[in-house]
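What follows is one structure encoded as structure tokens, with my remarks underneath.
Just so you know, these numbers use all the heavy atoms, side chains as well, and skip hydrogens, waters and symmetry mates.
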Amino acid sequence: MPAKIQPRTLKGFRDYPPAKMIPREWIIETARRVYRSYGFSPIDTPALEYLEILTGKGSAETDKQLYRFEDHGGRQVGMRFDLTVPLARFVAQHIQELGTPFKRYQIANVWRGENTQRGRYREFMQCDFDTIGTTSLSADIEMVLVINDLLSTLEVGEFTIHINHRGVLNGLLEKLDLADKATDVLRTLDKLTKIGEEKVRRELTETVGATDAQAEQLLDLSSLEGSNEKMLDEAEKLIAGNEVGELGIAGLRELIASVSATLPPQATDRIRFEPSICRGLDYYTGIVLETTLNDLPEIGSVASGGRYDNLANLYTNQKLPGVGASLGLDRLLAALEELGRLEQVQTTAEVFIPFFAAERRNDYLQLAAQLRAAGIGVEFFPDAKKLGKQLQYANRRGFRIALILGGDEFAAGECQVKDLATGDSQTVSLAEDAKAVIAEIRRVLGN
RNA sequence: GUGGCUGUAGUUCAGUUGGUUAGAACGCCGGAUUGUGAUUCCGGAGGUCGGGGGUUCAAAUCCCCUCAGUCACCCCA
């Protein structure tokens, strides 16, 4: 016999057994439902793109992480490393038929050949939603509302949506004559909450090359504290006289006012002006936001996004502004797991039918079919094993209810509906397409 | 990509200064009653000690390489 091939998965790539996949699908379905409730439509794009599509945007960093190869026809191709670049290509190619504003969501895997870490993989899923083709603040507001709906529905506890405007930062950079070092400065400031003020100050002066006075002003802005109103007032003073910055402040004020008018006060309190965040990506030009969980801030942002002026300028002359955000699926799952909010369920049906009377297979199948017709998920065990074994199986998988029928029950036209959580059992009639069984199941399930 | 730590059964881990056939718990399969599952009792399967090479009479244990995980940097979701 030849040696067996060792079963294994590639570094940074994962298997998802049912216990992992069931909560995963629950989050994805929730995201899908919320996105759709705002009129976002689904799209998908190929995993592979022409290399030039992906490298056009790419910084040296994303270029290094790109999975690339020559396909069987000699074409240079690459695997998408995010969903934004494919979206840009997609709208550049199809915007004529789609029309604007175009609202889309896309939930799909992306690949990056970077080093792995907890919560960081080489294959991971992004859950993006974007509104393309409008500069209206309505689209920005919607982005906040969607994130609020999503995280409220997922019951991850309280959360904070940190917002900023790139104009505020860019305004100050212009004023300080640091515009040419913008990328480095922003990247450093973004670390403020992570590494602290002193380290940021040192990095700004020593690595980035800012003067002490410049660093001081940048930190003055970044470390503002107090209510949103107070912080905005003070930020306004710091960037006074700079048009870009003043427009940014005005945009933030308007956004906060609109959200306050739309959401109840406790939801409005989730919004915090945070002058240090900027999102590493340099294509953002307006509002940027990140979302952290109050119980688990160290896990990082679980939903982030922002506004960009010109999504597709690499592929078309048509100007396509937009705003969008992405849900951090893996981080959310890690958070839910850590907060103990994931039920350990390995079944997708709630009702289990043990195969007990070996000669009555068709009767069991008929009952299962009647329940499914009533919208109840049913699993019928394939082997007529000992009842205890079958109930053990049902219990470990997390079934809610077992229907126990043996020769005695079939003879009497009855069925035991057993609540697996409590062990209680009710005997009901099988007559009239199992009407009474269905009613009892619904009662136990509580709906 | 750079550096630190880790790798023993499906899982969590023992395994002495290198020393015979590498252990436990939980899980899995079967049995203790062909009719009732988180408890009990008995039995069973399951390990190339991540992989390869080296040192040695002898390696899970020491050395090198490699693969994987993890942490920091980098970057970001």
Side-chain angles (χ1 to χ4, degrees), chain A residues 3-15 17 19 58-65 80-84 107-128 183-184 186-188 190-191 194-195 199 203 207 277-282 284 290-292 299-306 325-335 344 352-359 381 383-410 416-425 427:
Chain A
K4 295 295 182 198
I5 297 161
Q6 187 193 353
R8 54 185 184 153
T9 46
L10 281 166
K11 181 186 178 76
F13 289 73
R14 295 166 290 169
D15 282 328
S59 55
E61 198 60 41
T62 50
D63 263 24
K64 260 195 287 181
Q65 300 177 353
R80 61 179 175 218
F81 56 86
D82 70 9
L83 298 179
T84 306
I107 299 174
N109 278 335
V110 302
W111 297 270
R112 290 184 198 174
E114 68 176 328
N115 221 342
T116 56
Q117 240 177 79
R118 190 156 66 95
R120 294 178 63 177
Y121 307 96
R122 289 182 171 176
E123 177 182 66
F124 58 96
M125 186 165 271
Q126 291 196 327
C127 309
D128 281 25
T183 307
D184 288 341
L186 296 180
R187 188 172 292 153
T188 305
D190 203 40
K191 297 179 192 170
K194 209 173 161 187
I195 65 173
K199 284 186 178 170
E203 193 169 323
T207 312
I277 68 158
C278 61
R279 311 255 66 231
L281 301 170
D282 43 13
Y284 286 121
E290 294 186 352
T291 313
T292 55
I299 209 160
S301 175
V302 295
S304 355
S326 185
L327 183 68
L329 180 64
D330 287 302
R331 284 183 176 180
L332 263 177
L333 277 167
Q344 288 303 308
F352 178 76
I353 303 183
F355 191 2
F356 192 29
E359 70 290 354
F381 201 75
D383 302 301
K385 287 209 253 186
K386 286 182 65 173
L387 185 57
K389 292 289 173 197
Q390 297 192 55
L391 287 174
Q392 194 175 56
Y393 168 90
N395 183 51
R396 289 189 177 152
R397 300 286 161 131
F399 283 91
R400 301 279 305 278
I401 290 169
L403 300 183
I404 296 171
L405 304 89
D408 298 347
E409 283 80 2
F410 278 119
Q416 287 181 44
V417 179
K418 186 179 177 75
D419 181 339
L420 287 168
T422 63
D424 297 339
S425 176
T427 300

Note to self: Ignoring hydrogens and geometry beyond distance, is the side chain of A:E114 in donor-acceptor contact with the base of B:rA77 at under 3.5 Å?
What the structure shows: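 Pair found.
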Item checked: Donor/acceptor link under 3.5 angstrom from A:E409 side chain onto base of B:rG35 -> yes
Margin query: Let me spell it out: for each of A:S326 and A:G407, pick the nucleotide of RNA chain B with the closest heavy atom. Which residue's pick is nearer the 5' end?
Written below: A:G407
Margin query: Nearest heavy atom decides the nucleotide; on that basis, is A:K389 or A:K418 closer to the 5' end of RNA chain B?
Written below: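 Looking at the nearest nucleotide for each, A:K389 comes out on the 5' side.
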Look at all strands and tell whether [X] reaches a base, only sugar-phosphate, or nothing, counting heavy atoms closer than 4.0 Å.
| X | answer |
| --- | --- |
| A:Q390 | nothing |
| A:Y393 | nothing |
| A:G300 | nothing |
| A:G113 | nothing |
| A:S425 | nothing |
| A:K385 | sugar-phosphate |

Notebook entry, point to check: Would one find a side-chain N or O of A:Q117 under 4.0 angstrom from OP1 or OP2 of B:rA72?
Noted result: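 For A:Q117, the contact criterion (side-chain N or O under 4.0 Å from OP1 or OP2 of B:rA72) is met.
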Notebook entry, point to check: Nearest to the side chain of A:R120 - B:rC74, B:rA32, B:rG69?
Noted result: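 The listed nucleotide nearest to A:R120's side chain is B:rC74.
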Next item on the list: When you get a sec, tell me which of B:rA77, B:rG31, B:rG35 is the closest nucleotide to the side chain of A:Q416?
Entry: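 Per side-chain heavy atoms of A:Q416, the pick is B:rG35.
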Check: Is the count of non-hydrogen atoms from other residues, nucleotides or ligands lying under 6.0 Å from A:D383 atom CG greater than 12?
Finding: yes
Check: Crowded around A:R14 CZ? As in, over 12 foreign heavy atoms under 6.0 Å?
Finding: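 Count over threshold, so yes.
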Notebook entry, point to check: Cut-off 3.5 Å, side chains only: do A:Q416 and A:S425 have a donor facing an acceptor?
Noted result: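 There is such a pair between these side chains.
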Are there any protein N/O atoms within less than 3.5 Å of an N/O atom in nucleotides 26-28 of chain B, and if so, which ones and at what distance?
residue, atom, partner, partner atom, Å
B:rC28, OP1, A:R396, NE, 3.4
B:rC28, OP1, A:R396, NH1, 2.3
B:rC28, OP2, A:R396, NH1, 2.5
B:rC28, OP2, A:R396, NH2, 3.4

Note to self: Could you check whether A:F352 and A:Y393 have their ring centres less than 6.0 Å apart?
What the structure shows: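 Yes; A:F352 has its ring centre under 6.0 Å from that of A:Y393.
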Next item on the list: Evaluate whether the aromatic ring of A:F124 and the six-membered ring of the B:rA77 base sit under 5.5 Å apart, centre to centre, with an inclination under 30°.
Entry: yes
Notebook entry, point to check: In whole Å, what separates the P atom of B:rG47 from that of B:rU11?
Noted result: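 Per the computed distance, 13 Å lies between those P atoms.
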